[in-house]
Protein chains: 2
Amino acid sequence: MTTPLSERRQAQLAALIDAAERRIAEGGMANLRARDLAADIGIALGGLYNIVADLDELALRVSSRTLGRLGEALTAASDALPLRTKDDAVTRLVAIAHAYLHFARDNLLLWRTLFELRLAEGTALPAWAADDQLRLFRHVAEPLTLLVPDMDETRQVLAARTLFAAVHGIVTLGLEERLVAVPLTALEAQIEWLVRATCRGLRE
Amino acid sequence: MTTPLSERRQAQLAALIDAAERRIAEGGMANLRARDLAADIGIALGGLYNIVADLDELALRVSSRTLGRLGEALTAASDALPLRTKDDAVTRLVAIAHAYLHFARDNLLLWRTLFELRLAEGTALPAWAADDQLRLFRHVAEPLTLLVPDMDETRQVLAARTLFAAVHGIVTLGLEERLVAVPLTALEAQIEWLVRATCRGLRE
DNA sequence: TGCTTTTGTTGAACATCGTTCATTTCACTC
DNA sequence: GAGTGAAATGAACGATGTTCAACAAAAGCA
């Protein structure tokens with residue numbers, strides 16, 4: 001299917017993704033312009049389309065990198081903590097949620113583009129992009145299996161999704177400056193409160 | 001500041017918002033093109049800019065209408081239920097959350113544009129648009145004051161925001177077809193579970 | 001080295017946007 | 001009917017993403 005890329009192409013692709021990442025971090029997806037990117041990496045305008053099918057693919061590749069970094073951030077937050085007791089599980093879930101908040105805040109525009117991607121309709125998400133997402137869920141799922149080991153797995157997965165989504169919602173609206181700005185510490189407190197409340201609900 | 005609009009202008013504006021709403025409902029904000037809209041309401045291209053400053057303002061006006069309809073939907077879900085006991089409050093909060101889910105599902109593209117609005121930086125949200133948002137929070141705040149009357153008001157408002165945001169997150173990710181599609185009934189169940197768990201957490 | 005073929009690069013050109021504005025048309029008054 | 005101000009018009013402008021015929025560079029080969 002995909003022919004192996006020459007070393008040169010690899011380097012061009014990496015440079016292109018670097019440039020795109022920089023531009024998105026500065027001004028969001030609206031700041032991703034073909035002519036600017038071509039100038040950034042020193043190639044002609046048309047040359048972009050030898051490296052990447054279109055700008056959407058480029059945004060997708062940047063997003064994949066962002067997802068990777070997000071995963072690392074969650075891993076770092078997880079691995080620092082023990083995971084033996086059920087209380088450990090709760091503490092870890094709180095830590096993961098807080099790490100999510102901080103990543104989103106520190107990488108605001110890159111994080112937002114994760115959810116602004118609109119694939120040309122009909123085309124499905126590439127497999128490598130879907131994998132990145134599943135890896136994230138596992139961070140939440142792992143403590144959950146310790147917390148409620150008797151629950152069947154489909155319910156556990158569903159609970160992980162729900163918890164993740166709820167935290168995501170708080171972060172999303174909390175970082176929306178359109179509304180009243182919420183202080184970071186207040187957001188942290190509300191997230192912790194919600195995670196603990198739902199964990200208590202899970203344990204019955 | 002704003003001169004009173006002639007009757008003719010009012011009618012044109014209404015027709016324009018109608019057309020824009022129809023186009024967004026069909027294909028999202030990407031489907032909002034000046035030439036199409038002008039053709040829809042039978043005026044010349046340039047005439048659009050006598051009715052509306054730019055397409056962003058038009059999208060904002062459509063969003064205002066959408067927020068209004070969303071408010072009505074939440075009101076309808078609320079008013080059908082009594083609000084005397086604390087259990088009533090929980091039941092009502094669940095009903096509101098379910099109504100939110102159904103509205104989002106039934107008005108998917110219009111609902112999404114509520115959050116896709118990017119104001120030209122520096123310009124603040126018009127007051128009439130901010131009011132619409134506050135009205136929504138009141139739907140959640142009202143049952144909450146019954147549920148935890150001893151809590152000081154700032155905490156209550158924060159709790160309402162958090163609950164709203166959490167439900168919003170579940171709905172957002174649940175309706176994202178990019179990931180695995182979640183059945184509607186499963187979403188309903190997860191929302192109800194989360195709302196009840198957080199309410200239990202509130203009551204201590 | 002010279003010739004051919006393949007591969008990679010270029011930038012002008014195209015299509016499609018939102019937005020502007022000089023010109024024209026219209027409605028109304030005296 | 002002439003004059004005047006408001007409203008509507010659509011050609012034109014500047015961005016933008018994308019394509020492709022022409023060009024250049026590299027690689028294979030004698």
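Every chain is numbered from 1, with letters handed out A, B, ... down the list of sequences.
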With nearest nucleotide decided by heavy atoms, which residue, A:Gly47 or A:Arg35, maps closer to the 5′ end of DNA chain C?
A:Gly47

Could you tell me whether A:Leu37 contacts a base, only the sugar-phosphate backbone, or nothing, with contacts defined as non-hydrogen atoms closer than 4.0 Å?
nothing

Which part of the nucleic acid does A:Ile51 contact within heavy-atom distance under 4.0 Å: base, sugar-phosphate only, or nothing?
nothing

Relative to the ring of B:Tyr100, is the ring of B:Trp111 parallel (under 30°), tilted (30 to 60°) or perpendicular (over 60°)?
perpendicular

Please state how far atom CG in B:Leu13 lies from atom C1' in D:dA7, giving the value in whole angstrom units.
16 Å

For the side chain of B:Ala44, counting heavy atoms from C-beta on, which of D:dT9, C:dT10, D:dT18 is nearest?
D:dT9

Starting at atom CG of B:Asn50, determine the distance to atom C1' of D:dA7, rounded to an integer number of angstrom.
7 Å

Check every atom of D:dG17, C:dG8, D:dA7 against the side chain of A:Arg8 and return the nucleotide holding the closest atom.
C:dG8

At under 4.0 Å between heavy atoms, what does A:Leu48 touch on the DNA or RNA strands: base, sugar-phosphate, or nothing?
nothing

Would you call B:Asp18 and B:Arg65 a salt bridge, using N to O less than 4.0 angstrom?
yes

Can you say whether a donor on the side chain of A:Arg33 sits under 3.5 Å from an acceptor on the base of D:dG17, or the other way round?
no

5'-most by nearest nucleotide on DNA chain D - A:Leu32 or B:Gly42
B:Gly42

Should B:Gln12 be listed as having a side-chain N or O under 4.0 Å from OP1 or OP2 of D:dA8?
yes

Let me see the working for B:Arg112 and B:Glu116 under salt bridge (charged side-chain N to carboxylate O under 4.0 Å, His left out), right down to the final yes or no.
CA-CA 6 Å; B:Arg112 277 198 188 142; B:Glu116 282 177 19; 5.8 Å; no

Ranking D:dT18, C:dT10, C:dT19 by distance to the side chain of B:Leu45, first place goes to C:dT19

